[in-house]
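Here the structure is laid out as structure tokens; the discussion comes afterwards.
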Protein chains: 2
Amino acid sequence: MQNLINECTDESYDTLESYKKPTVMVDVAIFTVQDNTLKVLLIKRGIAPYKDAWALPGGALRVEQDESLEIAALRELAEETGLNPQTGAQRQYLEQLHTYGGRNRDPRGWTVSVAYFALVAIDDVTLRAGTDASAAQWHTINGHQVELPLAFDHADILHDAITRLRSKLDYTDIAVHLLPKEFTLTELQRVYEIIMQEKLNKSSFRQRVDRAGIVKPIKGRMRTGSNRPAQLYQFIQQKHDRMFFPRSIAWAQERKR
Amino acid sequence: MQNLINECTDESYDTLESYKKPTVMVDVAIFTVQDNTLKVLLIKRGIAPYKDAWALPGGALRVEQDESLEIAALRELAEETGLNPQTGAQRQYLEQLHTYGGRNRDPRGWTVSVAYFALVAIDDVTLRAGTDASAAQWHTINGHQVELPLAFDHADILHDAITRLRSKLDYTDIAVHLLPKEFTLTELQRVYEIIMQEKLNKSSFRQRVDRAGIVKPIKGRMRTGSNRPAQLYQFIQQKHDRMFFPRSIAWAQERKR
DNA sequence: GTAATAGTGTCTCTTAGACAATATGCC
DNA sequence: GGCATATTGTCTAAGAGACACTATTAC
């Protein structure tokens, strides 16, 4: 490393050790649907700054331990939800959201926070046992936020994550990650409606899901109740996560305004 | 800072100084259209590693100097193209792409690279005077890459940037940032066709641009030649960068496959 | 039978594409 | 007039919404 620095003359930007480094964090907005409500997992901070405030799960990147940012995010997700990416095909979904970096977002100095958002099915989750220092809890989302104030700029991050989630529902199939392995089309539609916060047309929705080819009926499996039984479906794994929506769901809504 | 570290007991992930930090870089894929071709700006590296290889413009984040990641990216863009964000309403476009981080992407150790992509109009650009150590040059894009091998994982970053650019053209107006202040609809369509790499229907295109309301005719200004003169248009600044495309341009192409 | 939800069909509105028709400058 | 490109119009195919209709279970 020393000789690299020596090689560097006027092109000082090209060495890795000549500038002071910011701290790099990885934060994850973990969403689920429970009791017909969209929820996000928050952790109560045990120490300053923002002691006792709620924050997105996350922490400093561990350079010695993690191979990549994605692995760090998966570790964070696994720690908080008990979801283990190693054991079989979990239907959890993880996607990088945005990177937030600046001098004033943390009172301790310049930080960079690589934010991810994740979708998990509520019945797959076992929340980490809450100690006094760090309680993990699902919080209801209202509009683009939760009711309480969040630590750092996490309210902004959450806002962006919710915006991205809503807009991706418009043209992808990611909502299936919020449902159990078997579900009815009505249940799938309900999840879309909960997140989009608007009622959808039944026949259009079914036609689109059908054309997108993202689910298939499970032969012989029906959900029964005091009504006509409903066909159970399962998710078909795709190469891409795109559900092909020529006209997006928001199309007509957008037009009305 | 010392007392923060002392406060930290078993919750060691919550201090900023207890872990080794990765280096943070900011890299920018700067695109333009020149001679009916999509091009990206590359810099020839003057020092090891990857000495003499081409790379995206970028460098280590300067914590003392830059307020935020976005400002660092703007600085990088200004340095390479002479575009000054301070002087008036430049029509340049800058958007965060993705953050790449891992142990092996740079031989010097764990790095995090926050990548941006930018669109500039070719006549606004004055390339930095090329010294021996760092020549800046436009390179033609072919498919999802340039002809030559790039340093680090910059070929991957460029691939992602091109993919994002193409997909955003489908539903946003960002292509106007590649054109001079005054342009004809045919010129705008040509830019779309160059980037999307497919011919578009003329009347559909005009209808969509018209409905999206992103351009307006400049009264009395026409482009003349040995044919019917064409109306000159200018870009209307929007709150959002969304051009509303109910059915995306790729719609029919997608359907054929 | 009734209640409740599942699932399908029909009709209209709108958009994209294909392709033709018209417009208008320069020579 | 002839050429070249700009600009508009017409016709068809297909998706989305509204809304009604039929289906099937439990009671």
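A, B, ... follow the sequence lines: proteins, then strands. Residue 1 opens every chain.
- Rounded to an integer number of Å, the gap from CG of Asp210(B) to P of dT14(C) is 16 Å.
- When the salt bridge (Lys or Arg N to Asp or Glu O under 4.0 Å) test is applied to Glu76(B), no partner is found at least two apart in sequence or on another chain.
- At whole-Å resolution of the value, CG in Leu188(B) and P in dT5(D) are 18 Å apart.
- With rounding to whole Å, Phe183(B) atom CZ is found 14 Å from dA6(D) atom P.
- Note: CD (Glu198(A)) to C1' (dG17(D)) measures 12 Å, nearest angstrom.
- Distance, Lys199(A) NZ to dA18(D) C1': 13 Å, rounded to whole Å.
- Atom P of nucleotide dT5(D) and atom CD of Gln189(B) are separated by 14 Å, given to the nearest angstrom.
- When the ring-ring contact (aromatic ring centres under 6.0 Å, His included) test is applied to Phe31(B), no partner is found at least two apart in sequence or on another chain.
- With Arg223(B) as the partner, the side chain to side chain donor-acceptor pair (under 3.5 Å) test is satisfied by one option alone out of Glu187(B), Gln231(B), Glu182(B): Glu187(B).
- Annotation: side-chain contact (heavy atoms from CB on, under 4.5 Å) contacts of Thr140(B) (sequence neighbours excluded): Thr37(B), Lys39(B).
- For Thr224(B) and dG25(C), a side-chain-to-base donor-acceptor distance below 3.5 Å is absent, hydrogens and geometry of angles not being considered.
- For Trp138(A), there are no ring-ring contact (aromatic ring centres under 6.0 Å, His included) partners two or more places apart in sequence or in a different chain.
- Residues passing the ring-ring contact (aromatic ring centres under 6.0 Å, His included) test with Tyr100(B), sequence neighbours excluded: His98(B).
- OP1 or OP2 of dT15(C) has not a single side-chain nitrogen or oxygen of Arg208(B) nearer than 4.0 Å.
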* Letter per nucleotide, 5' to 3', of nucleotides 2-11 of chain C [B base touched, S only sugar-phosphate touched, - untouched; heavy atoms, 4.0 Å] -> -BBBBBBB--
